[in-house]
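To start, the structure itself, in structure tokens.
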2 protein chains.
Amino acid sequence: MEGLFYPESVAVLGASTKPGKIGYALFKNLVEGGFRGRVYPVNVKGGAIDGRRVYRSLSELPEVPDLLIVAIPARAVPGALEEAGRLGIRRAIVISAGFSEVGEEGRRLEEELVRVARRHNILLVGPNCLGIYNSENKLCSIFNPMDRQRFPGPGSIALLSQSGALGAAMLDWMADMGLGMSKFVSYGNAALLEERHFVEYLAQDPKTRVIALYIEGVKDGKAFMETARKVAARKPILVIKAGRSSEGAAAASSHTGSMAGSFEVYEGAFRQSGILYTRSLREFFVMAKALSMLEPPSGPRVGIVTNGGGMGVLTTDAVIEGGLEIARFSEGTVEEFERLVRAGKLPEHGAYNNPVDILGDARPETYEEAMRVVLSDPGVDMVVLIVIAVAPTLRPDLPQRLSHLVGKKPVVGIIPGSDFAKSMARGLEDMGIPVYETPEEAVVALRALYDYGRIRKKLSSGTGP
Amino acid sequence: MEGLFYPESVAVLGASTKPGKIGYALFKNLVEGGFRGRVYPVNVKGGAIDGRRVYRSLSELPEVPDLLIVAIPARAVPGALEEAGRLGIRRAIVISAGFSEVGEEGRRLEEELVRVARRHNILLVGPNCLGIYNSENKLCSIFNPMDRQRFPGPGSIALLSQSGALGAAMLDWMADMGLGMSKFVSYGNAALLEERHFVEYLAQDPKTRVIALYIEGVKDGKAFMETARKVAARKPILVIKAGRSSEGAAAASSHTGSMAGSFEVYEGAFRQSGILYTRSLREFFVMAKALSMLEPPSGPRVGIVTNGGGMGVLTTDAVIEGGLEIARFSEGTVEEFERLVRAGKLPEHGAYNNPVDILGDARPETYEEAMRVVLSDPGVDMVVLIVIAVAPTLRPDLPQRLSHLVGKKPVVGIIPGSDFAKSMARGLEDMGIPVYETPEEAVVALRALYDYGRIRKKLSSGTGP
């Protein structure tokens with residue numbers, strides 16, 4: 001499996017010399033995207049792409065490639081894979097569509113493909129997929145043009161998507177949101193390698209901290225849930241499942257052929273297997289970001305520090321409505337706040353119950369004092385840091401000011417706004433504080449961390465989630 | 001009231017010659033922000049700001065200004081307002097803090113302020129507020145530095161915020177999201193002019209299409225709800241209320257002194273008055289955008305057109321879970337789709353039930369055919385247009401291709417992604433199609449339109465919502 005994600009040599013069967021063709025973009029994206037391994041274009045027509053010789057057949061290649069990417073018409077794929085197998089190729093990503101997703105004839109073709117793969121012990125991804133993106137070595141089998149398709153930078157979110165188009169859009173969106181990724185797999189029809197095989201691989205991948213999946217249905221539900229239960233004790237698994245309503249299930253069946261089944265059954269299975277799940281695509285990424293950056297809190301009690309009272313109130317509501325608790329400060333904390341107000345280090349008219357409101361003219365030093373006190377309260381399990389960035393007294397050094405306080409308890413930020421707000425948010429994220437634009441998203445993030453902490457504890461102790 | 005938003009002359013009392021001071025930024029923002037009226041800085045110390053003479057008192061001014069903006073210490077404000085009243089000034093925004101929000105002494109000061117204002121018939125905004133931003137004439141009493149505070153461009157969303165800091169952050173965020181605004185009011189302690197007075201003004205403001213409010217509590221609940229009920233028959237009123245939980249209510253009471261009261265009572269009152277409300281800050285803007293751009297649909301039935309199956313399935317689920325319906329296509333529509341597939345204008349393996357999936361290699365012409373058919377189905381009340389923008393066959397002319405189809409029924413878009421996706425989204429928004437990044441947000445938008453349609457119908461027919 002390692003060789004699927006870290007091949008040293010890749011052949012692209014169906015590489016095209018014609019710009020605009022999928023086989024052209026596929027080859028270009030691999031070479032120009034920064035992949036450092038050896039890449040061989042293969043096409044019966046021969047010729048050259050940007051001065052590189054195109055091999056007329058796999059047998060002409062100077063070596064047996066670690067990975068074969070296939071983008072030729074479906075009917076020719078089984079034969080090509082047969083040849084690849086004979087040559088000793090053991091890994092293939094079949095991009096080509098026209099298999100079980102298009103009806104009976106395609107289904108027979110897919111069965112033939114699987115027989116060939118099994119006969120030659122070929123690890124097969126697809127068919128009808130976008131394949132793999134690995135942010136570490138820039139292995140990329142995605143054929144969308146680079147002028148519109150962006151890829152996330154290195155990070156610890158792994159993404160598996162049953163839908164290729166949605167998967168590609170999610171990559172592009174993640175890049176825009178600044179979310180870092182370890183590996184991406186669009187596995188298409190999952191004729192041989194299924195979601196659970198990738199989950200198992202990612203569980204032991206040191207670059208991956210959270211495994212996020214978009215699914216409509218799984219091939220083998222029981223096996224998937226068993227795998228998930230094992231993996232979730234070590235790494236969070238996060239799922240967004242489509243086809244929850246009967247109307248959605250009908251649409252899913254015509255899309256991926258998934259028998260979506262009752263969502264209640266899925267929900268129960270997710271819960272039993274320790275899988276975190278959401279119905280919202282935005283929450284999916286809100287949760288993935290938090291889980292990729294932070295460890296779970298030791299309890300449900302939230303402390304809030306803000307320079308804007310209104311956002312503090314909204315966040316308080318969101319905490320309660322999200323099933324978490326507003327921490328009650330200890331006597332020591334109350335006294336420390338009183339002392340700091342007397343010393344002129346915190347504003348007289350601020351609020352020092354939870355939420356702590358250090359007012360609109362708070363400076364980075366004010367934040368530092370308030371955050372220090374709140375983080376050291378034994379009754380606070382995690383903290384929301386709210387920054388109304390347009391306030392005149394804030395300075396860009398706020399993140400540095402807080403850096404020595406971060407790391408012991410989970411902290412998430414709320415900073416809505418434009419350029420200055422975004423640069424402040426980036427500064428905090430570089431320090432390991434995930435930042436969101438709204439109270440409800442910050443709370444969804446904290447709740448996911450809290451839930452995962454409980455899941456991991458229960459799965460590790462063997463009592464089930 | 002018109003003169004509050006459209007003054008021809010403004011005096012800034014407390015204008016400062018010192019960069020970094022609030023009174024300096026206030027004056028600079030007004031002059032450099034593009035306000036074309038006459039602006040007079042006033043400060044007992046005299047001097048000059050950027051070569052402009054600073055008047056030592058209001059009585060020195062060459063004319064009686066239409067509007068006075070006050071940013072001097074609280075204890076001096078009632079006296080200053082007394083002088084202003086004697087001079088014939090009839091409108092004032094008091095930015096200064098230190099009134100009822102800081103305790104008993106401040107409360108007495110505020111009562112005095114109100115007495116002065118009433119005696120001289122002065123329309124008073126504040127105190128303890130940011131005041132007004134008018135995108136049309138660039139009147140601006142917000143003192144945040146321009147290097148961090150952005151303002152939304154012209155548009156039809158009016159925003160009222162009980163919280164100044166949150167209000168400013170919302171302006172900055174709206175600018176970043178590309179949401180257009182008519183007018184903004186941060187009314188602070190609402191000592192004289194309350195939220196309902198602004199709602200009444202905005203109801204007849206031709207630039208305003210939706211009135212959005214952030215509130216923790218309202219001064220006079222009964223009067224507010226009566227006003228809302230009258231206004232909602234003509235324009236949508238959208239509320240996000242903080243202090244819903246008892247913990248949040250306690251925080252609100254220390255923030256704005258609002259007696260938040262039971263949220264159930266508020267919810268009931270909102271419903272009776274025809275007010276749309278949400279608990280989510282993101283949904284607040286999702287709804288505001290749709291309500292500012294589209295008319296309500298005539299029913300709950302949604303059509304979906306997509307080039308990505310997965311996003312189509314997620315959207316189908318969101319429609320059902322959002323309380324709307326997936327439209328069933330008429331026989332005529334089914335036949336028309338069959339004809340177009342036979343004619344090669346729509347792909348053979350596409351899906352032509354609702355959602356309509358025109359597949360990953362759809363071109364703008366394909367979208368045009370599918371959208372035309374779906375929009376003309378009599379059983380479709382509104383449409384979700386999904387664009388996976390990274391697909392190779394899409395071209396930037398998609399918006400133009402669809403322009404002749406838009407306007408009869410509400411259409412919202414879903415386009416997540418980075419630069420190319422965003423430019424596509426902007427193109428559609430310029431045509432009047434609000435675009436979102438996720439299915440759930442598109443559905444929240446449609447649901448708000450649908451709900452408002454029912455509210456308007458019932459309030460207009462006099463049967464109550």
Side-chain angles (χ1 to χ4, degrees), chain A residues 25 102 143-145 147-150 162-163 165-166 168-169 172-173 175-176 214 216 242-245 247-248 251-252 254-256 279-282 307-314 316-317 320-321 326 349 351 353 355 357 360 388-392 416-418 420-421 437-441, chain B residues 25 102 143-145 147-150 162-163 165-166 168-169 172-173 175-176 214 216 242-245 247-248 251-252 254-256 279-282 307-314 316-317 320-321 326 349 351 353 355 357 360 388-392 416-418 420-421 437-441:
Chain A
V102 297
F143 55 74
N144 291 329
D147 65 349
R148 54 187 63 178
Q149 170 79 61
R150 284 179 58 201
Q162 190 171 3
S163 168
L166 180 58
D172 190 41
W173 195 28
D176 190 68
Y214 167 84
E216 295 177 10
R244 301 180 298 263
S245 58
E247 292 84 346
S254 91
H255 176 225
T256 54
R279 295 162 185 254
S280 146
L281 192 56
R282 188 173 296 277
N307 68 338
M311 197 63 109
V313 183
L314 279 177
T316 303
D317 287 333
I320 300 299
E321 288 164 2
I326 296 294
H349 294 297
N353 288 318
D357 183 358
I388 302 290
V390 291
S418 67
F420 186 72
E437 288 170 316
T438 71
E440 64 272 16
E441 287 154 17
Chain B
V102 297
F143 55 75
N144 291 327
D147 65 350
R148 55 187 64 178
Q149 170 79 63
R150 285 180 58 202
Q162 190 171 3
S163 169
L166 181 58
D172 190 41
W173 195 27
D176 191 68
Y214 167 84
E216 295 178 11
R244 301 180 297 265
S245 58
E247 293 84 345
S254 92
H255 176 224
T256 54
R279 295 163 184 253
S280 145
L281 193 56
R282 188 172 296 278
N307 68 338
M311 198 63 108
V313 183
L314 279 177
T316 303
D317 287 333
I320 299 300
E321 288 164 2
I326 296 292
H349 294 298
N353 288 319
D357 183 357
I388 302 289
V390 291
S418 66
F420 186 72
E437 288 170 316
T438 72
E440 64 272 16
E441 286 153 18

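Each chain gets a letter, A, B and so on, in the order the sequences are listed, and its residues count up from 1. Please read these numbers as outputs of a predicted model, since none were measured by experiment.
- Salt bridge Glu437(A)/Arg282(B): present, at least one basic N to carboxylate O contact under 4.0 Å.
- Top candidate by heavy-atom pairs under 4.5 Å with chain A, chosen from Pro355(B), Pro392(B), Pro145(B), is Pro392(B).
- Contact count versus chain A (heavy atoms, under 4.5 Å) is highest, among Ile320(B), Asn307(B), Val390(B), for Val390(B).
- Contact tally against chain B (heavy-atom pairs below 4.5 Å) for Asn353(A), Ile388(A), Asn144(A), Thr316(A): the top residue is Asn144(A).
- Looking only at distances, a side-chain donor or acceptor of Asp317(B) sits under 3.5 Å from a matching main-chain atom of Arg244(A).
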Item to check | Chi angles and distances behind the side-chain contact (heavy atoms from CB on, under 4.5 Å) call for Trp173(A), Thr438(B) | outcome: CA-CA 11 Å; Trp173(A) 195 28; Thr438(B) 72; 3.5 Å; yes

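- Contact of Pro439(A) with chain B is made through the side chain alone, with heavy-atom distances under 4.5 Å.
- Contact annotation for Glu247(B): both backbone and side-chain heavy atoms come within less than 4.5 Å of a heavy atom of chain A.
- Side-chain contact check for Leu281(B) versus Glu441(A): every heavy-atom pair is 4.5 Å or farther apart.
- A distance of 10.0 Å separates CZ of Phe420(A) from CG of Asp172(B), quoted to the nearest 0.5 Å.
- Residues Ser280(B) and Glu440(A) share a closest heavy-atom pair of OG-OE2, 2.7 Å.
- Only the side chain of Ile326(B) comes within contact range of chain A, with heavy atoms under 4.5 Å apart.
- Using a cutoff of 4.0 Å between basic side-chain nitrogens and carboxylate oxygens, Glu321(A) and Arg279(B) are scored as salt-bridged.
- The candidate with the highest count of non-hydrogen atom pairs below 4.5 Å against chain A, out of Ser245(B), Ala175(B), Ala251(B), is Ser245(B).
- Using a 4.5 Å cut-off between heavy atoms, Ser163(B) touches chain A through its side chain atoms alone.
- When every heavy atom of Arg148(A) is checked against every heavy atom of Ala389(B), the shortest pair comes out as CD-O, 3.6 Å.
- Interface remark: Ala391(B) contributes backbone atoms only to the contact with chain A (heavy atom separation under 4.5 Å).
- When all heavy atoms of Gly308(B) and Ala165(A) are compared, the closest pair comes out as CA-CB, 4.1 Å.
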Item to check | Leu166(A)/Leu314(B) under side-chain contact (heavy atoms from CB on, under 4.5 Å): CA gap, chis, key distance, verdict | outcome: CA-CA 10 Å; Leu166(A) 180 58; Leu314(B) 279 177; 3.9 Å; yes

